Structure formats: structure tokens, C-alpha cells
There are 2 protein chains.
Amino acid sequence: MFSQSEENYIKAIYHLGEFSEKGISTNAIAKKLNTKASSVTDMVRKLSEKKLVVYKKYQGVTLTEFGKKTATGIIRKHRLWEVFLVNKLNFSWDEVHDVAEQLEHIKSPKLIDELDAFLGHPKRDPHGDPIPDKDGNLQVIEKNLLATLDKGEKGICVGVDDSSSEFLRFLDKQEIALGKHIEVLEKEPFDGSFLIKIDEKELSVSNKIATNLYIQK
Amino acid sequence: MFSQSEENYIKAIYHLGEFSEKGISTNAIAKKLNTKASSVTDMVRKLSEKKLVVYKKYQGVTLTEFGKKTATGIIRKHRLWEVFLVNKLNFSWDEVHDVAEQLEHIKSPKLIDELDAFLGHPKRDPHGDPIPDKDGNLQVIEKNLLATLDKGEKGICVGVDDSSSEFLRFLDKQEIALGKHIEVLEKEPFDGSFLIKIDEKELSVSNKIATNLYIQK
DNA sequence: AGATATTTTTAGGTTAGTCTAAAAATTATT
DNA sequence: AATAATTTTTAGACTAACCTAAAAATATCT
Ligand SMILES: [Mn+2]
Ligand SMILES: [Mn+2]
Ligand SMILES: [Mn+2]
Ligand SMILES: [Mn+2]
């Protein structure tokens, strides 16, 4: 099996590669993991020896099929634990990340299968992100940043891009939650803010929010 | 906070010191943790700098109050997770140890408080061992090895000394479980085996079992 | 008590994962 | 195309947690 550190690298590479075809740069990984580029070089060499990534000097790195499978396995655990914390242990969605970051490294196939069943085979985590199944498949749903919607368009909140505690607590305060219906009443060209209708109430949200909240039309 | 390795040492020292007054020897710790005595010497030096233990060369080691508090904190987590695995995730009592050994190192005060509440503040783990409360207090109950009982004495199974998978599965096979009533019908001097009554049935158990099963008279 | 056996510590070494600073390669700019 | 800026790798070093082998201290035996 892999070390905690190796697993964190694999997950980071997976996430950085989700929406890009090219190799992931040393610097990008270093930034995501708060390490130095030189440490990343060392680690990707090791991961490449272990057949998790393909790495050529100066060319960045991409996950192999085995690497992808490993990554989705870790993500599955992370997201299932998040569901557990929120649904069973009264955590709020902004409190789960750091704990899940630790729990995702627990090694026990039985544990994760049973947890999945115990939670009723959830399909998404508390932030709207899909939970990969045992084989690593994860359903991608259609979702658009609120910022991309036009005046008059409607939809349902289905996810967040930034899942930092600060952002999530701010959403809580504004009473914006996953599952709620939203309609764009106005787009303000001046500052990029949006006037939306949510819960039959009108609410003005900043551009910062609009570029971090996903809507399913 | 402490590293996983430091925590494992603290827990080992706690358990080795439970029934002895003297300092715990380097060798005893090494044996328990499957390391070498020289590694233990290094580590106890570090633990002593961190005020977790008192250590004088060649004199063995004892936990400070702070060390004891730390130890019971880890044991509390270990045992609560064991209860979770058995009561909620369909693990059997012989499957939980290795997983709990990992889970006990997760750092999150809220997690363990909520888990405790979720489980209904259990007092004992699946092996009959007491679960320390938040302040580290743990209730010691009266328990005697079956081997120490005399002919005619009765009691309830309340714990096991050895909680290895092999022993626990053997108890399962013999249909010996915590909570069951037992009466000593015969003690066989020849091989130290016992003839007991359990579930209205008679059963002969070896001396090995009798010296690993606790009874509350 | 003196010799012998056992335990514990010391000395020196290894590996994983990190770092800083310098060198090399790549990319961007004029 | 040459130069400058940026990115990436290399070189060398550090710490935590281990190890083996040898030395020192303690315990046991005659
Ligand atoms: Mn992690
Ligand atoms: Mn999430
Ligand atoms: Mn452990
Ligand atoms: Mn137990």
C-alpha cells in the first residue's frame, strides 16, 4: 500500500488533471500541497517507479490508469467520510474537510464498504461532489457556475467550487444551500453581482459567490 | 500534537504499567511494539523531553500525569471506534483491532465527542474493556479469570485477556460470548481444563481458554 | 565476591519526506 | 535569434523513526 504522503500527491495530481489534458506541472502540485517544487520532483520520481504516474523530466506528470484508480479510491473514502460526519455526527459542511483529509488514509476495504452501506450508498458528498463507486466510476452531472447564467434562467444549487470553511459559512449565513431553487433576476454589469430569487426572497450575491456556486439548469 | 509513533509508545507504556508499580523496561516496550530496544531508548528520551514520561537511564520509564491523560485519550478513541465498527458497521469483535489501531490516531476533538454521543455513550468496548470518559477516568469492574474460580462458582463473562483474532474466533465457535452466564461444574487437575455450564449446556474448555476469559462473580 | 549472563545504551547507518540554494532547461520578451 | 524571466531539477542537508553491532551497566549464579 501507499503512504499517506504518496496518497496526498496522487489525489492532488488527480484533481489538478481533472479538467486539463496536459501533464501537471511540478509547481502546480507544490502549490496545492504546500510543499516545494524540489520535494515534488523527488516524489513524482517515486510515484513513477511505482507505476502510478508517467513522468518525463520537465514534461509534467500524468496519472496512469492504475494511478487514477488509486486516486478515485482515496476520493471515495474522503467523500464517504464527509457524508458520515455531516449525516451522522452533526458536523456542518464547513467542518468536515480536515477530518476527512485524515480519515481518507485509513486502510480497510471492509470498513469503506460497510460505511457506504451504512450511509445508504450516497451519490454525492455534502459539497455536491460525486462519490466514486467501488470501481472508481463517478457520475458527472451537468452543472454551471451561477456566473454563467443569463437573466431569467433558473436552476438548483448543486455544488460549490471553493469548499473553504469561510465560503461555506458565508453561504450558510446567506441561507444558500444545496438543493435550493434559484432564479436570476438581474445581472449587474458594473460589479458582476447578481440579483437572485431564492426561497421566494430576493438576494443580491457578489461576483465572488457567483463564480463559486454551481447550478443545475 | 503527537505523532502516530509517539502515541503508540505512550499507549504501550500505559498498558504495560497498568498492573505494575515499577518503571517499564526498554525490552518490554520493544517486545510489545515489535521494535528494537535501541529504538525504544531513542523514543523514550524524546517522550521524556515532552514531559510524557519520566525516564532515568537503566531505570525504565513511567508515565507522568500528562502522559497518563494522553494515553487514556488514545485508548478512549480506540475503544469507541471498536464499538462503532461492531455496533454500526457489522464488524465482528475479532476484526476490529487493526482498524481501531489506525482510527485511534485521528485528530479531532469534535469527532470523538460526537461519536461517543452517536453510540449512546457506551461504557465498554466489544472485548469488555472500559471506555475512559473525556477526563480519562475509567471504571474498573471486578473481574476474575475463569481459571481462578472454584468448583460450583457462577458468574457472567465480562471480558477477555487475549483479544487476538484466533482466540476470539475460537470463543465464537464454542458459543462463548460476553454477557453469558457460566457455572464451574468441574475442574480437571490433570490438564487444568474446566467443565462449565453455559446456555444450559455442558462444555469442556481448555486451560488456555480459562486463563484468558474474565468472569464477574 | 567474582564470573557470567542479560539488559540497556551508545555509535553509526538507513530510508522517507522534507528543505534551501545553485544549476540547468524551458518559455517569454524584445 | 539573443536575452531575460520562469520553471524545474540537482546537490546537499535535515529530522523522525527505524536498524545492527559494540560497549557499558545491571542482574544472576556459583
Ligand atoms: Mn489527506
Ligand atoms: Mn467534499
Ligand atoms: Mn495505533
Ligand atoms: Mn478492545
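Both backbone and side-chain heavy atoms feed into the values below; hydrogens, waters and symmetry mates do not. Since the model is a prediction, treat every value here as computed from it, not as a measurement. Just so we're on the same page: letters track the sequence lines, and every chain starts at 1.
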(request) Would you kindly give the NZ-to-P distance between B/Lys56 and C/dT8, to the nearest whole Å? (result) 16 Å
(request) Run the salt-bridge test on A/Glu82 and A/Arg79 with the 4.0 Å N-O cut-off and return the result as yes or no. (result) no
(request) Report yes if at least one side-chain N or O of A/Arg45 is closer than 4.0 Å to OP1 or OP2 of D/dT10; otherwise report no. (result) yes
(request) Could you list the residues that satisfy side-chain contact (heavy atoms from CB on, under 4.5 Å) with B/Glu49, not counting sequence neighbours? (result) none
(request) Starting at atom CG of A/Asp42, determine the distance to atom P of D/dT8, rounded to an integer number of angstrom. (result) 15 Å
(request) Using a 4.0 Å cut-off on protein heavy atoms (strictly under), produce a 5'-to-3' string for nucleotides 20-27 of chain C with B for base contact, S for backbone-only sugar-phosphate contact, and - for none. (result) B----SS-
(request) Quickly work out the B/Lys31 NZ to C/dT7 C1' distance and round it to whole Å. (result) 14 Å
(request) Can you see which heavy atom on B/Thr26 is nearest to which on B/Ala37, and at what distance? (result) CG2-O, 3.3 Å
(request) Can you sort out the partners of B/Asp129 under salt bridge (Lys or Arg N to Asp or Glu O under 4.0 Å), two or more places apart, ordered by chain and number? (result) none
(message) From CD of B/Glu6 over to C1' of D/dA16, roughly how many Å is that when rounded to an integer?
(response) 9 Å
(message) Does C/dT6 have its OP1 or OP2 closer than 4.0 Å to a side-chain nitrogen or oxygen of B/Asn27?
(response) no
(request) Just grab all the salt bridge (Lys or Arg N to Asp or Glu O under 4.0 Å) pairs involving residues 208-217 of chain B, residues at least two apart or on different chains. (result) B/Glu153-B/Lys217
(request) Using a 4.0 Å heavy-atom cut-off across all strands, classify B/Ser5 as base, sugar-phosphate, or nothing. (result) sugar-phosphate
(request) Before accepting this row, confirm whether a basic side-chain N of the pair B/Lys107/B/Glu7 lies closer than 4.0 Å to the acidic partner's carboxylate O. (result) yes
(message) At a heavy-atom distance below 4.0 Å, what parts of residues 7-26 of chain A sit against DNA chain C?
(response) A/Tyr9
(message) In this structure, how many angstroms lie between the C1' atom of D/dT10 and the OH atom of A/Tyr55, rounded?
(response) 10 Å
(request) Any chance you could lay out the side chain to side chain contact (heavy atoms under 4.5 Å, CB included) test for A/Asp161 and A/Leu213, step after step, and finish with the verdict? (result) CA-CA 6 Å; A/Asp161 191 46; A/Leu213 189 63; over 6 Å; no
(message) Rounded to whole Å, how long is the line connecting atom CE of B/Met43 with atom P of D/dT15?
(response) 16 Å
(message) As a test of reading the structure: which of C/dT10, C/dC19, D/dT7 is closest to the side chain of B/Thr41, going by heavy atoms?
(response) C/dT10
(request) Assess the pair A/Tyr9 and A/Phe2: is the distance between their ring centroids shorter than 6.0 Å? (result) no
(request) Just jot down the ring-ring contact (aromatic ring centres under 6.0 Å, His included) partners of B/His105, sequence neighbours excluded, or say none. (result) none
